[in-house]
Every structure is written in C-alpha cells, then in structure tokens.
Amino acid sequence: MGSFYDKVYKECEVFFAQGTKRFLDRQIEHHLNKKADRLDYADKEELAKWIRISAGLVLKREDAESLSNKVRQMKP
C-alpha cells in the first residue's frame with residue numbers, strides 16, 4: 001500500500017489534475033508546517049480541515065467537503 005501522502009494525492013488529483021502536487025504540498029507546508037515527505041496519518045484531521053477550506057475556494061462546496069471527508073476516513 002502507498003503512503004498517506006500518496007493516498008491523499010490520488011483523491012486530490014481527481015479535482016486538481018496537474019495542479020495536485022502544488023495544491024497538496026502547499027496545504028502541508030503552510031498549514032501543517034512540515035515537509036510533504038513527513039506527512040503521517042496523525043496529520044489527517046488537520047489536513048482534512050485545510051483541504052476543505054482551501055479547496056472550497058476553487059471547487060464547489062460539496063466537492064471540497066467530499067474530498068475532505070475522504071481524507072478524514074483514510075486508514076493506514
């Protein structure tokens with residue numbers, strides 16, 4: 001199985017396509033204050049929150065909430 005980052009990336013890619021890495025890395029680095037390669041399941045709730053907020057600025061609210069919920073439900 002892939003890393004937590006890889007799983008989140010796969011879900012985000014549906015909405016952000018080529019911009020996925022930029023979007024996801026920005027959330028991790030600016031809101032969680034860590035490098036993407038240090039992302040862990042312990043960061044799940046905080047990351048899901050920021051994905052909902054940030055994705056909500058560019059996606060339909062329902063899509064941002066769905067994406068956030070998918071991240072929140074991920075398990076190791």
Side-chain angles (χ1 to χ4, degrees):
M1 275 188 122
S3 69
F4 180 52
Y5 180 91
D6 292 337
K7 290 178 182 180
V8 174
Y9 187 98
K10 183 177 177 183
E11 292 298 334
C12 289
E13 191 174 32
V14 172
F15 298 101
F16 295 101
Q18 295 175 339
T20 302
K21 181 168 178 37
R22 182 175 180 199
F23 171 79
L24 185 54
D25 288 0
R26 181 173 177 79
Q27 304 316 303
I28 296 165
E29 292 174 11
H30 291 271
H31 299 298
L32 277 62
N33 297 315
K34 57 177 24 180
K35 296 290 184 186
D37 64 346
R38 305 294 293 169
L39 186 69
D40 191 77
Y41 283 93
D43 303 311
K44 180 170 58 171
E45 290 298 321
E46 190 70 10
L47 180 60
K49 175 184 101 173
W50 284 108
I51 286 175
R52 181 181 47 78
I53 292 167
S54 299
L57 298 173
V58 294
L59 301 176
K60 291 189 291 185
R61 184 174 148 228
E62 298 81 22
D63 290 340
E65 299 236 351
S66 175
L67 180 56
S68 176
N69 287 335
K70 286 179 181 180
V71 171
R72 192 171 272 113
Q73 294 171 3
M74 289 181 179
K75 295 184 173 141

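By convention here, the first residue in the shown sequence is residue 1.
Residue pairs meeting the side chain to side chain donor-acceptor pair (under 3.5 Å) criterion with at least one member in residues 52-67, sequence neighbours excluded, are Gln27-Ser54. Residues in residues 50-76 take part in these ring-ring contact (aromatic ring centres under 6.0 Å, His included) pairs, two or more places apart or across chains: His31-Trp50.
To the nearest 0.5 Å, the span separating OH on Tyr41 from OG on Ser3 amounts to 7.5 Å. Going from atom CD of Glu11 over to atom NZ of Lys70 covers 5.0 Å, rounded to the nearest 0.5 Å. Note that NZ of Lys21 is 14.0 Å distant from CZ of Arg26, once rounded to the nearest 0.5 Å. The NZ atom of Lys75 sits 8.0 Å away from the CD atom of Gln73 when rounded to the nearest 0.5 Å. Residue Ile28 holds its CD1 atom at 4.5 Å from CG of Leu39, rounded to the nearest 0.5 Å.
Take Lys44 and apply the salt bridge (Lys or Arg N to Asp or Glu O under 4.0 Å) test, not counting sequence neighbours, and it matches no residue.
At distances below 3.5 Å, at least one donor-acceptor pair connects side-chain atoms of Ser68 with backbone N or O atoms of Ala48.
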Run the side chain to side chain contact (heavy atoms under 4.5 Å, CB included) check on Phe16 and Leu24 step by step: do they pass? CA-CA 9 Å; Phe16 295 101; Leu24 185 54; over 6 Å; no

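Residues Tyr5 and Leu47 fail the side-chain proximity criterion, which asks for heavy atoms closer than 4.5 Å. Contact of the Phe15 side chain with the Leu67 side chain is registered, since non-hydrogen atoms from C-beta on lie closer than 4.5 Å.
Closest approach of Glu13 and Thr20 over heavy atoms only: CA-OG1, 3.1 Å. For the residue pair Phe23 and Cys12, the shortest heavy atom distance occurs at CE2-SG, 4.4 Å.
A salt bridge links Glu46 to Lys49: at least one charged side-chain nitrogen sits closer than 4.0 Å to a carboxylate oxygen. Using a 4.0 Å cut-off between charged side-chain N and carboxylate O, Lys34 and Asp43 make a salt bridge.
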